[in-house]
Amino acid sequence: MSGFPDPRIHSTVFRRRANGFNAEMTEPLLDYIVSLPKAELHLHLEGSLEPEMMLALAERNKVEIPYSRPDDVRAAHDYGSLQDFLDLYYAGMGVLCRGEDFEELTLAYLRRAAADGVVHAEVFFDPQAHTARDIGFDEVTEGILAGLSAGERETGATTRLIMCFLRDLSQASAIETFNEAAAYFDDGRIIGVGLDSAEIGNPPEKFARVFAMAGERGLKRVAHAGEEGPASAVRDTLDLLNVDRIDHGIAAVNDRDLMARLARVGTPLTVCPLSNVALKAVDSLRDHPLKRLLDAGVKVTINSDDPAYFGGYIAGNFFHTARALTLDKARLALIARNSLEASFMDGGAKAEFIRQIDAIQSAN
Ligand code: ADE
Ligand code: ZN
């Protein structure tokens, strides 16, 4: 493990810089947010590839990329749509070639998340995006698992791994990937499946069979829906894929009945506000439907999606959203509590962190 600055030196000042804060600023609201024990439930590991690491890996692995400085990479972070971002995201991950690259990526993310008060992380990866480049499934997965173990040891956070299918590829390809993961499902190293990539034109019914296979195997199921797509995509995902959580799901705000159903059943939404602004799913944070969903009783959580591409990790997402929507401390604590309840972490640890949130709240 070498070549990158040790993010344990991510002092408060570093953390604030990385989330777009003035280094000198003392910000009680940010301190409060960081103090809340949180679970991050919507995080694509490949989307945590910071420009500095991208350049270092490009050099180490002799992969040509059209950037020579971190700022060149950041200058490209200007998206008109989800697809614009995905083009950059898939190109960027081309520097990830060997297991140790995935291990370093994963460890760096966990260190960074822990600095924001993440006590549990359920992270996604996109194996098909790597096997398509002739990187072996085991090479990728073992590397990530090594990074998760190292990160757990170092930060004390717990983790789970979820394998996503790329929805712009076929269900046959998803099933092939599902079968490749069998040994990891059997011993719990991969706890579930997800569905990501281009939403429009790739509806949930395309993946009904592979999600049913996951259900028969007792795996957790999550899926992106209602990010760029309409409320009906969220409803169809609930009906056809039997998911435990919806990733994004913000379009549900346009359908009262659906919101009521989400609230009644308790299906969590893993919302990613800075991502939604960056990808133009909403015009601005002030227009974000998170508060309306939360106040309608939907189990809303806040997450960072692809933090290296969207300008903020989890505390930055909480902070900027709180500012834009005037979320008070009680709502922020509720969102943190929702993240723990919506997580697949062990019951005892979950109860203990919820007790900690209660204690923080009564002290405030
Ligand atoms: N893959 C990585 N980030 C994604 C997002 N925001 N939506 C769909 N697929 C993704
Ligand atoms: Zn996502």
Side-chain angles (χ1 to χ4, degrees), residues 39-50 54 76-94 96 102 105-106 109 113 121-130 132 140 144 160-169 173-174 177 192-204 206-207 220-230 233-234 237 241 243-252 268-282 288 290 300-314 316-317 339 342:
E40 172 130 76
L41 306 177
H42 184 159
L43 180 284
H44 303 264
L45 281 172
E46 297 90 341
S48 69
L49 178 60
E50 290 287 347
M54 186 188 289
H77 291 179
D78 181 19
Y79 323 104
S81 66
L82 171 60
Q83 192 57 53
D84 272 2
F85 156 70
L86 289 171
D87 293 343
L88 214 68
Y89 166 80
Y90 292 124
M93 69 175 78
L96 296 163
F102 288 90
L105 176 74
T106 304
Y109 161 69
E122 296 180 0
V123 297
F124 299 150
F125 75 122
D126 285 329
Q128 291 157 295
H130 309 303
V140 173
I144 291 172
R160 301 282 185 272
L161 183 58
I162 295 174
M163 174 178 99
C164 288
F165 303 121
L166 299 183
R167 66 197 308 157
D168 47 332
L169 301 186
S173 170
T177 305
V193 298
L195 188 61
D196 64 5
S197 198
E199 183 178 7
I200 305 291
N202 298 293
K206 184 174 161 187
F207 295 93
K220 305 296 185 193
R221 288 170 285 184
V222 300
H224 286 52
E227 177 186 18
E228 272 195 335
V234 176
T237 300
L241 302 186
V243 290
D244 298 285
R245 299 192 297 245
I246 294 277
D247 296 315
H248 294 292
I250 55 172
L269 302 186
T270 64
V271 178
C272 307
L274 292 179
S275 162
N276 298 147
V277 174
L279 302 189
K280 316 272 191 298
V282 298
H288 200 286
L290 180 140
V300 169
T301 67
I302 287 184
N303 308 272
S304 61
D305 206 7
D306 302 284
Y309 289 86
F310 301 145
Y313 285 76
I314 195 168
N317 273 272
S339 75

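In this chain, residues are counted from 1 in sequence order. All ligand and atom numbering here is 1-based and tracks the order in the structure.
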Next on the checklist: Do Tyr309 and Ser48 pair up side chain to side chain, a donor and an acceptor below 3.5 Å, judged on atom types alone?
Outcome noted: no
Item to check | Side chains of Asp126 and Tyr90, donor plus acceptor under 3.5 Å | outcome: no
Checklist entry - Do Ser197 and Asp168 meet the criterion of a side-chain donor-acceptor pair at a distance under 3.5 Å? => result yes
Checklist entry - Can you give me the NE2-the Zn ion (ligand 2)-OD1 angle for His224 and Asp305, to 10°? => result 170°
Next on the checklist: Please report, to 10°, the angle around the Zn ion (ligand 2) from atom NE2 (His42) across to atom NE2 (His44).
Outcome noted: 110°
Checklist entry - Going by heavy atoms in the side chains, are Leu88 and Tyr79 under 4.5 Å from each other? => result yes
Checklist entry - Can you name the closest pair of heavy atoms from Asn303 and Pro273 and give their distance? => result O-CD, 4.0 Å
Checklist entry - With a 3.5 Å cut-off and no angle check, do the side chains of Glu40 and Ser339 form a donor-acceptor pair? => result no
Could you go through ligand 1 and list every pair where one of its N or O atoms sits under 3.5 Å from a protein N or O, giving the atom names and the distance to one decimal?
| residue | atom | partner | partner atom | Å |
| --- | --- | --- | --- | --- |
| ligand 1 | 3 (N) | His44 | NE2 | 3.4 |
| ligand 1 | 3 (N) | Asp306 | OD1 | 3.4 |
| ligand 1 | 3 (N) | Asp306 | OD2 | 2.7 |
| ligand 1 | 6 (N) | Glu227 | OE2 | 2.8 |
| ligand 1 | 6 (N) | Asp305 | OD2 | 2.8 |
| ligand 1 | 7 (N) | Glu227 | OE1 | 2.7 |
| ligand 1 | 7 (N) | Glu227 | OE2 | 3.3 |
| ligand 1 | 9 (N) | Ser197 | N | 2.8 |

Checklist entry - Regarding Asp247 and Thr270, is there a side-chain donor-to-acceptor distance under 3.5 Å anywhere? => result yes
